[in-house]
There are 2 protein chains.
Amino acid sequence: MRKPITISDIAIKLNISKSTVSRALKDHPDVNPATKKKVKALAEALDYEPNLLAASLAKKQSSLIGVILPEFNRAFFSNALEGIQEVARRNGYSVIICQSNEDFELEVLNTRMLASNKVAGILMSLTLQTADFRHLERLQEKEIPFVLFDRVAEQIDCPKVTVDDFQGAYQITQHLISKGYQNIAHLSGPLNLSICKNRYNGFMAALSDAGRDIAKAQVYECEHLKEDAYASAKKLLQLGVPRPDAIFCVSDYVAFEAMRCIQDLGLRIPEDVALVGFTNDPATEYVTPRLTTMEQPARKIGETACEMLVKSLKEESDEHPHVILPTTFIERSSS
Amino acid sequence: MRKPITISDIAIKLNISKSTVSRALKDHPDVNPATKKKVKALAEALDYEPNLLAASLAKKQSSLIGVILPEFNRAFFSNALEGIQEVARRNGYSVIICQSNEDFELEVLNTRMLASNKVAGILMSLTLQTADFRHLERLQEKEIPFVLFDRVAEQIDCPKVTVDDFQGAYQITQHLISKGYQNIAHLSGPLNLSICKNRYNGFMAALSDAGRDIAKAQVYECEHLKEDAYASAKKLLQLGVPRPDAIFCVSDYVAFEAMRCIQDLGLRIPEDVALVGFTNDPATEYVTPRLTTMEQPARKIGETACEMLVKSLKEESDEHPHVILPTTFIERSSS
DNA sequence: GTGAAAGCGCTAACAA
DNA sequence: TTGTTAGCGCTTTCAC
């Protein structure tokens, strides 16, 4: 890389001091408009690029926000990332991202790496495995602000953003009940995750409030959401007594797999089995136009999380709100 | 943020010099194993985090790789990003990403921002709009290495990674011909993009080589891939003379939209209209198990691009290879 | 309104 | 093997 232009270069050419150049470049109030103009003109002409590394080092304040996601290739996370990116950019931050790949070790390494890069703060959604929170506690000790979203740890006291999982699950289950379905099953994920747990609770509460016999509800936990969904759906449909006439799926790919299974078994949706689920994937409308869903405002979640981080970056406030966003019920009737 | 531990802190506590600490920490060969051990132990105990900003500044060499993508929320790009991330991590780099959002202005701003962050190099896939390449030329002037992938600019002399669009299109068109389809149409994108152009050419070449009358081939250019696809498909199917019995789609969402249109018109796939296309979206298998596709090795593309960048970072070589990866033909028969 | 000087945390000659 | 010193490019007192 060729030696880049620095403020010293400009200062020398203009026969003024570095400090004046520095001030002029950031529109400091008390600097002569004339010199300010000269400086800016020369900077432009020389195609000067400020060295953000040096600036961060001097200010002890970086303009980078770190993000750790379990994976990129899922609509929810990539949408959330868009929201994050957007808010960060508007506030003068850039985003440095890492993928934990649903691997706890990597998640820990990533927090270290971001800390080393002296990011201003961190946004993260935990892996399915994360049960040990010492890496988060270490961030707190170092006073690196962070916000958790979607997959959050209840044990940790920090700002959080999630959707109203209980309410969403309750509502969509109620929808099935009102449609007259008698044997509603639930394909869930690991129940140690609060997100799955809350949906499970919402499901159960709706059944219970409708006077259904909770004990009879058939629920399968899919350890690895996508991988286990097909098999679980199959068990449900082949061995379930009675066979469910409706299935509530905890997330989009679980629903897609369930759909595939239903079709492979020669059953029809929704005549034989109705299918509903939480979802974010834009492909949903293609996959099955008949899938009634609770849509999660993925992008909004990302925006909100980033806004909270930015806020805590400026204000040093010690509040740790847990923002709960509503989901959107979308009924797609049979075609 | 509380004042973090620095190498000076360690040096003072151990009554040795900063440089020794620095050397010990990076396993410099000529440093006494004993002191090395002491230093590492204390660093560990104090939970020391090296300040990568300072290191980069001093070394004039950053450990960040910049990535600019048109959007995250598309399977192709998020898969490519995974590959990039993986290779970068393995080589000790972190990834700082920006979304150009298919907006040329943003793309330009992003290159400036990355340059300001003094990234070691840049990976990018251009927006659909990009027709002015001065921002790339500026990177070349500043000698910031970059690699283009997928959406590349033929005018710019730099390393590039794409798939074999011509060959893929040729092969999938040939497939349709061999199946006996007579009126094969093509839903394309902006033909000023080499990626679309090459697929178009492959399509035409296959028809021509099979002795078909090229002049009769019906082709629609969708300016905005996803947005215009439905309308174009509709025109093709309602107004096309003769009505196509097969459609080759330039990308996944174009194919999804075409499928939706075909179904809305009450036609069947593939009995009335066969559908084939380039694709990357894992949802394809759900959307239509009958869609025969050319799969692009998105992840591999990302990996390759990043490897090329890393290589040019170490070796200062002045080669600018254009790597062309093969696509994979996947025939999905009617269910 | 401008300049001089110190320093952010680290690296890398050059000495010792 | 270790210490000394001089930066990297920028910000920021504190003088003038």
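Order of the sequence lines sets the chain letters (A, B, ...), proteins ahead of strands, with each chain counted from 1. Only a predicted model underlies this, so the values are computations on that prediction, with no experimental measurement involved. Side-chain atoms are counted along with the backbone in the values below, which use heavy atoms only and exclude waters and symmetry mates.
In this model, the phosphate group of D:dT11 is approached by a side-chain N or O of A:S22 to a distance below 4.0 Å at OP1 or OP2. The phosphate of D:dG9 has OP1 or OP2 within less than 4.0 Å of a side-chain N or O from A:K3. At C:dG3, none of the side-chain N or O atoms of A:K18 fall inside 4.0 Å of OP1 or OP2 (strictly under the cut-off). Between B:K36 and D:dT1, a side-chain N or O to OP1/OP2 separation shorter than 4.0 Å is absent.
The A:T6 side chain lies nearest to D:dC10 when the options are D:dC10, C:dC10, C:dC8. Out of C:dC10, C:dT2, C:dG9, the shortest distance to the side chain of B:A55 is found at C:dC10. Listed nucleotides D:dT1, D:dG3, C:dT11 differ in distance to B:T20; the shortest reach to its side chain belongs to D:dG3. Among the nucleotides D:dT1, D:dC10, C:dC8, the one closest to the side chain of B:N32 is D:dT1. For A:R23, the listed nucleotide lying nearest its side chain is C:dG3; candidates were C:dC10, D:dG9, C:dG3.
Closest-nucleotide positions on DNA chain D for B:H28 and A:K59 were compared, and the one nearer the 5' end corresponds to B:H28. Nearest-nucleotide mapping onto DNA chain D: of B:S17 and A:A54, the residue sitting toward the 5' end is B:S17.
Annotation: A:Q155, atom CD; neighbour count of heavy atoms from other residues, nucleotides and ligands within 6.0 Å is above 12.
Side chain B:S19 to base D:dT4: a donor-acceptor pair is found below 3.5 Å.
The aromatic rings of A:F76 and A:F149 sit tilted, their planes meeting at an angle between 30° and 60°.
Ring to ring, B:F146 and B:H135 are not that close: their centroids are 6.0 angstrom or more apart.
Formation of a donor-acceptor pair under 3.5 Å by the A:D132 side chain with backbone atoms of A:R134 is found in this model.
Of the charged side-chain nitrogens involved, none lies within less than 4.0 Å of a carboxylate oxygen, so that B:E303 and B:K300 do not count as a salt-bridged pair.
In this structure, B:K37 atom NZ and D:dT1 atom P are separated by 16 Å, rounded to whole Å. Between the P atom of C:dC10 and the CG atom of B:L53 lies a distance of 10 Å, rounded to the nearest Å. Taking atom NZ on A:K118 and atom P on C:dG9, their separation rounds to 9 Å, with Å as the unit.
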